[in-house]
Amino acid sequence: MAERPLIYVLNGPNLNLLGQREPELYGRATLDDVEALCAERADQCGVAIDFRQTNHEGELVTWVQEARVMAQGIVINPAGFTTTSIALMDALLACDMPVIEVHITNIHRREEFRQHSYVSKAASGVIAGLGVTGYALAIEALSELLEAGE
Ligand code: CA2
């Protein structure tokens, strides 16, 4: 049987707190729940995932560089690095593969400082405001892009 395409699902700072604080904004699902949701959708779509979270910008950049050689696509919620990290944008721009940016909340309805994303410059698509379902949708979209050879 052919090996399944590998998608890195990367999460930025403070997302380890999901489900523990601010449920009115981010919902009640924990990051473990999100990983299970992603694994289930990946299975249905015939892809494999490597799911990770870090609070460190350099580690996230290193993982993106790793994905460049190990994976066929990236789903990323850059969290607080969305609006600040040129290093993350540069690492993603160096990846010749589809990248989908996910935000649990609709960043465009929130404070102005959340609305500019460096990461979007390197993304094939952006999903925001659909809660953690956005992760599953991103995996589905990415698997379709890979199938179509894009
Ligand atoms: O909506 C999103 O997914 C965000 O990427 C989440 C980031 C925020 O900085 C972005 O503007 C939008 C924050 C992640 C922090 O997650 C927490 C979860 C629960 C409790 C506290 C923080």
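Numbers here simply count residues along the sequence, with the first being 1. Whatever order the structure lists them in is the order used to number ligands and atoms, beginning at 1.
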Atom 13 (C) of ligand 1: nearest protein contact (heavy atom, Å): Tyr26 OH, 3.4 Å

Is any N or O atom of Ile104, backbone or side chain, closer than 3.5 Å to an N or O atom of ligand 1? yes

Would you check whether Arg110 has a nitrogen or oxygen atom less than 3.5 angstrom from a nitrogen or oxygen atom of ligand 1? no

Identify which one of Gln72, Met97, Glu147 satisfies the side-chain contact (heavy atoms from CB on, under 4.5 Å) criterion when paired with Pro5. Gln72

Using heavy atoms and a threshold below 4.0 Å, how should the contact between Leu25 and ligand 1 be classified: side chain, backbone, both, or neither? neither

Exactly one of Glu111, Glu112, His116 should register a side-chain hydrogen bond (donor to acceptor under 3.5 Å, both in side chains) with Arg114. Which one does? Glu111

Minimum-distance protein heavy atom relative to atom 16 (O) of ligand 1: Asn14 O, 3.5 Å

With atoms numbered from 1 as shown, which atoms in ligand 1 lie under 4.0 angstrom from a non-hydrogen atom of Gly80? 9 (O)

When you look for heavy atoms under 4.0 Å from ligand 1, do you find them on the side chain of Ile107, its backbone, both, or neither? side chain

Residue set satisfying side-chain contact (heavy atoms from CB on, under 4.5 Å) with Glu59, at least two apart, ordered chain then number -> Thr54, His56, Trp63

For ligand 1 and Thr105, I'd like to know whether there is a polar contact (N/O to N/O, distance under 3.5 Å). yes

Does Phe51 have any ring-ring contact (aromatic ring centres under 6.0 Å, His included) partners at least two apart in sequence or in another chain, and if so, which? none

Which protein heavy atom lies closest to atom 9 (O) of ligand 1, and at what distance to 0.1 Å? Arg114 NH1, 3.0 Å

Please determine if Arg28 and Glu22 form a salt bridge, counting it only when a charged side-chain N lies under 4.0 Å from a carboxylate O. no

State whether the number of non-hydrogen atoms from other residues, nucleotides or ligands found under 6.0 Å of Arg68 atom CZ is greater than 12. no

Salt bridge Arg41-Asp43, side-chain N to carboxylate O under 4.0 Å: no

Checking the N or O distance criterion of under 3.5 Å, is ligand 1 in contact with Arg21? no

Shortest non-hydrogen contact from Pro13 toward Gln53: CA-NE2, 4.1 Å

Between ligand 1 and His103, is the shortest N or O to N or O distance under 3.5 Å? yes

